[in-house]
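The structure under discussion appears below in the form of structure tokens.
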Amino acid sequence: MTDRELFEEAVRAAGYSYSKYSKFRVGAALLTVDGKVYTGCNIENASYSLTVCAERVAMFKAVADGATKFKAIAIAGSSTEDFSIPCPPCGACLQVLSEFCSESLLVILSKGWFRLSDFLPMRFSGDNIK
Ligand code: THU
């Protein structure tokens, strides 16, 4: 699976976005080390703060299915049909991703790829509460 293919999976997942309040559709595609892809979309709620981002939906689907080792995540977000403007992961999603992924996790956006550590250089983890 190429970066571009994983990104296209994220765009496809954005098609399922339930974003009636923000009208901003987000899709995420999480690639496991075994080559399996878990997708997610943002799911909003009338009680706004209960909204869940696409990245966390993808991660929770994966973990609930027994997957815990990941290689990459692609994220696509837009309020139009054009997904070419990069949509970086929010802070809450970074923290959830960091629970299961190493700092070298590939984060694929519309314009290139990054590492999880590029967004979250000094993460709070289980090591801090040992
Ligand atoms: N959103 C995501 O799904 N992922 C992010 O990383 C940033 C924001 C969603 C949440 C909300 O439904 C909409 O985008 C606008 O904030």
Side-chain angles (χ1 to χ4, degrees):
M1 159 102 23
T2 65
D3 290 3
R4 185 43 49 183
E5 285 167 344
L6 194 64
F7 184 77
E8 288 308 322
E9 283 295 304
V11 171
R12 198 181 57 76
Y16 298 111
S17 166
Y18 180 77
S19 42
K20 65 191 279 191
Y21 305 104
S22 74
K23 313 270 189 242
F24 188 74
R25 290 178 292 129
V26 185
L30 185 59
L31 179 67
T32 71
V33 291
D34 311 323
K36 214 167 162 192
V37 176
Y38 289 92
T39 58
C41 61
N42 55 330
I43 303 174
E44 300 188 342
N45 191 276
S47 179
Y48 289 6
S49 65
L50 296 180
T51 290
V52 184
C53 294
E55 300 91 318
R56 273 176 286 158
V57 172
M59 176 58 83
F60 295 154
K61 274 173 70 179
V63 174
D65 197 38
T68 53
K69 292 198 172 80
F70 305 102
K71 241 182 1 201
I73 186 167
I75 306 160
S78 181
S79 48
T80 69
E81 294 302 307
D82 175 10
F83 285 88
S84 63
I85 296 171
C87 176
C90 82
C93 289
L94 289 171
Q95 183 63 27
V96 169
L97 288 171
S98 83
E99 184 68 29
F100 297 99
C101 306
S102 77
E103 55 186 16
S104 64
L105 177 85
L106 280 174
V107 180
I108 299 159
L109 305 183
S110 60
K111 295 216 164 76
W113 59 266
F114 304 84
R115 300 280 180 188
L116 186 57
S117 56
D118 291 324
F119 300 97
L120 199 64
M122 198 164 102
R123 61 179 170 179
F124 179 75
S125 76
D127 291 341
N128 295 104
I129 51 177
K130 265 185 191 150

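Residue indices begin at 1 and follow the sequence shown. Each ligand, and each atom within it, is numbered from 1 in the order the structure gives.
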Would you call the rings of Tyr21 and Tyr48 parallel, tilted or perpendicular if under 30° counts as parallel and over 60° as perpendicular?
tilted

Contacts for ligand 1, heavy atom under 4.0 Å, by chain and number, are Ser22, Phe24, Val26, Asn42, Glu44, Thr51, Cys53, Ala54, Glu55, Pro88, Pro89, Cys90

With the threshold set at 4.0 Å, does a side-chain nitrogen-carboxylate oxygen contact exist between Glu8 and Arg12?
no

Going through the checks in order, is the side-chain contact (heavy atoms from CB on, under 4.5 Å) test met by Leu116 and Arg123?
CA-CA 10 Å; Leu116 186 57; Arg123 61 179 170 179; 4.3 Å; yes

Decide, yes or no, whether a salt bridge links Asp118 with Arg115 under the criterion of side-chain N to carboxylate O below 4.0 Å.
no

Could you name each residue pair satisfying salt bridge (charged side-chain N to carboxylate O under 4.0 Å, His left out) that touches residues 64-85, not counting sequence neighbours?
Arg25-Glu81, Lys36-Asp65

Evaluate side-chain contact (heavy atoms from CB on, under 4.5 Å) for Tyr16 paired with Ile43, printing each intermediate quantity in order.
CA-CA 9 Å; Tyr16 298 111; Ile43 303 174; over 6 Å; no

